[in-house]
Amino acid sequence: MKRLEDYRDELKKCVKCGACRSICPTFRVIGRETACMRGKLALVDAHLSGGLARTGAYARHMKECTLCGGCRDVCPAGVDTTGIIAAARAGVFDEQGLALGTSLVLKNLLGPGKIMPLALKLASRIQGFFMKDAAVQSGFLSRFPLPGMGGGRLLPPLAKTFFMDSEAARRPGSVGRGSEAKADAPTVAFFAGCGVNFLMPEVGEASLKVLGEAGARVAVPREQTCCGMPAFSMGDVATARSMAMKNLEVFEAAAADFITTSCATCGYGLKTLMKELLSDDPALAGRVEAVVSRVRDVTELLAGELDYGGDGESGGKPAEKTVVTYHDPCHLNRAQGIRDEPRDLLRANPALEFRQMRFPCSCCGLGGGVGMSSYDLSIEITRRKAESIRDTGADVVATACPGCMVQLRDALHKYGVDARVAHVVELI
Ligand code: SF4
Ligand code: SF4
C-alpha cells in the first residue's frame, strides 16, 4: 500500500482547474472548497509541506468524502484522487485511531473469528428495544439517536437467520433451480459480504436462485469474511489487509471457475482492493492475480459468461407491467465499469418497464464511511436521488449494492417517495 508521502508527485499533477467541483456530491451539499477534491488536495499538500497538523479540521475534511470516484473520472490531469484521500485517512487513523465502538466492530465483528455471529445474533434479539417498526419496506426507525447513526433513521433489521447460516447457503443447489446443472456447468463460488449476510439474506438467496437457473453450479465457501472495504474506508489498513488475506486463502481453496458477489462494494474489494492491500508481498502476486481474475459482479456474470435471459415465466400483460428504474452504485459503475449489464437484465424481463432516472450515476451518499461519520450530510446528498426516482414514477428502484439499498430505503422514506427498493437479482 502506498503511504501519503508516496503521493507527492501525484499531488503536483493537479492543475487546479476545478472540474472536480462540478461532480462532487459533498461539494454540492456543503458548498465550501474544502468539500471538493481540489480543496482537499490543497490541505494534503499543506500537511505534507509541514504546515498543517492531521488533527481537527484536516481530519474532518478528509472524512467528508464518499470516495465515489466522480472527481477521479472527470479529472483532466488524471490525479489518483481517491487513492490520495484513502492514504490521508490511513495517516489520520495511525495518529488518532477510530472511535472505540467502530474499532471493536471492525476488528472483532467483521473480522475472521467466532465473536461476530454471536454478538450480532444477540443484537438481532434485542434490536426491538432500540428500534420500532417503520411499517414501510423492511425497516426499523431508531427510537432515539444512536452513536454514529443519527435519530429517526430507517435502518434495516438484522436478519433473524444470517445468510451464511441459512439452508440456501449450506445447500445452494436446493434453492429453486430451474433445471439440474449439467456436469460441465461452470462452477461459481458465491461471496456474500456483510450486507447480504447480516441484513439482506433474501438478496443472497435470490442470487443463488438466478445463478442456478442460469446453469451454474454454485458453492458458498464457509470461511469467507468481510471484503475489508469498511475498515479500509476508515483508514484501518491492517484490519483490511488481514481480511483480504483470509479471503485469498478461502477462494483459492474453492477453486471455482468464477467468484461472484451481489454487492458492488464487495466486488470492488475483491477485484481491486485485495491487490492493493496484498501488494507489499511480491510472493503473493501470482496467487492474488489467479483469484482476482475470476471475480465477477453477479450482473456481469449473468449477462456475460452465463448469458442469462430470464426464466421465461414472468411475462405479464403490458397493462400489468411494473415500472422500474435503476440506481448505479459508484463501486459498480465507476469502479468496475459495469453499467449496461444490470439494465439489460431488467429490460429482458417482459413484466418490467424500464425508465431511466435523472442522475442515475450520482452517489447515494452512504459510501466512504460518510453514512456513519456525517449522517446529516449523507442523507442530504441522497435528497436529489430520491427526487429523481420520484420523477420517473417508478414502482421499484433497482440497484446492485446492499449498501445503496439501505441508503435509498432511508431516503425514500424520509423524503416521502412511494417506491420500493430491490436488488436486480430479485427482479429478473
Ligand atoms: S479536476 Fe483534477 S486537476 Fe482539476 S482541480 Fe480537481 S483534482 Fe485538480
Ligand atoms: S470522491 Fe466523490 S465525494 Fe470525494 S471529493 Fe471526489 S467527487 Fe467528492
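All values below come from the heavy atoms of this structure, side chains included, with hydrogens, waters and symmetry mates left out. Note that ligands are numbered from 1 as they come in the structure, with each ligand's atoms numbered from 1 the same way.
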Residue selection (non-hydrogen contact nearest atom 7 (S) of ligand 1) among Val15, Leu41, Ile84, Leu11: Leu41
Candidate pair Phe163 and Phe190, rule ring pair (Phe, Tyr, Trp, His ring centres under 6.0 Å), full reasoning: CA-CA 12 Å; Phe163 174 74; Phe190 184 73; 5.7 Å; yes
Nearest non-hydrogen protein atom, atom 8 (Fe) of ligand 1: Cys14 SG, 2.3 Å
Contact flag Cys17/atom 4 (Fe) of ligand 1, N/O/S atoms, threshold under 2.8 Å: yes
Nearest-0.5 Å distance that lies between atom CG in Leu11 and atom CG in Leu48: 6.0 Å
Atom 6 (Fe) of ligand 1 - nearest protein heavy atom and its distance: Cys20 SG, 2.4 Å
Asp391 atom CG, over 12 foreign heavy atoms within 6.0 Å: yes
Side chain to side chain, Ile428 and Leu302, heavy atoms closer than 4.5 Å: yes
Rounded distance (nearest 0.5 Å) linking atom CZ of Phe232 with atom CZ of Arg241: 13.5 Å
Atom indices of ligand 2, in the order listed, that fall short of 4.0 Å to a heavy atom of Pro25: 2 (Fe), 3 (S), 7 (S), 8 (Fe)
Any donor-acceptor N or O pair under 3.5 Å, side chains Thr382, Gln407: yes
Cys266 SG to Met229 CE distance, which is reported to the nearest 0.5 Å: 9.0 Å
Atoms in ligand 1 with a heavy atom of Pro76 nearer than 4.0 Å: 1 (S)
4.0 Å heavy-atom contact, Cys36 with ligand 1: no
Nearest-contact summary for atom 5 (S) of ligand 2 - protein heavy atom, Å: Met37 CE, 3.6 Å
Side chain, backbone, both or neither: the part of Leu67 lying under 4.0 Å from ligand 2 by heavy atom: backbone
Any N, O or S atom of Cys65 closer than 2.8 Å to atom 4 (Fe) of ligand 2: yes
Charged tip of Arg384 within 45° of Phe359 ring normal and under 6.0 Å: yes
Atoms in ligand 2 with a heavy atom of Gly69 nearer than 4.0 Å: 1 (S), 2 (Fe)
Enumerated ligand 1 atoms positioned under 4.0 Å from heavy atoms of Arg38: 5 (S)
Closest heavy-atom pair and its distance - Met274, Val291: SD-CG1, 4.3 Å
Identity and distance of the protein heavy atom lying nearest atom 2 (Fe) of ligand 1: Cys75 SG, 2.3 Å
Residue pair Arg72 / Thr82, side-chain donor-acceptor N/O under 3.5 Å: yes
Cys24 N/O/S atom closer than 2.8 Å to atom 8 (Fe) of ligand 2: yes
Sub-4.0 Å atoms of ligand 1 with respect to non-hydrogen atoms of Lys16: 5 (S), 8 (Fe)
4.0 Å heavy-atom contact, Gly18 with ligand 1: yes
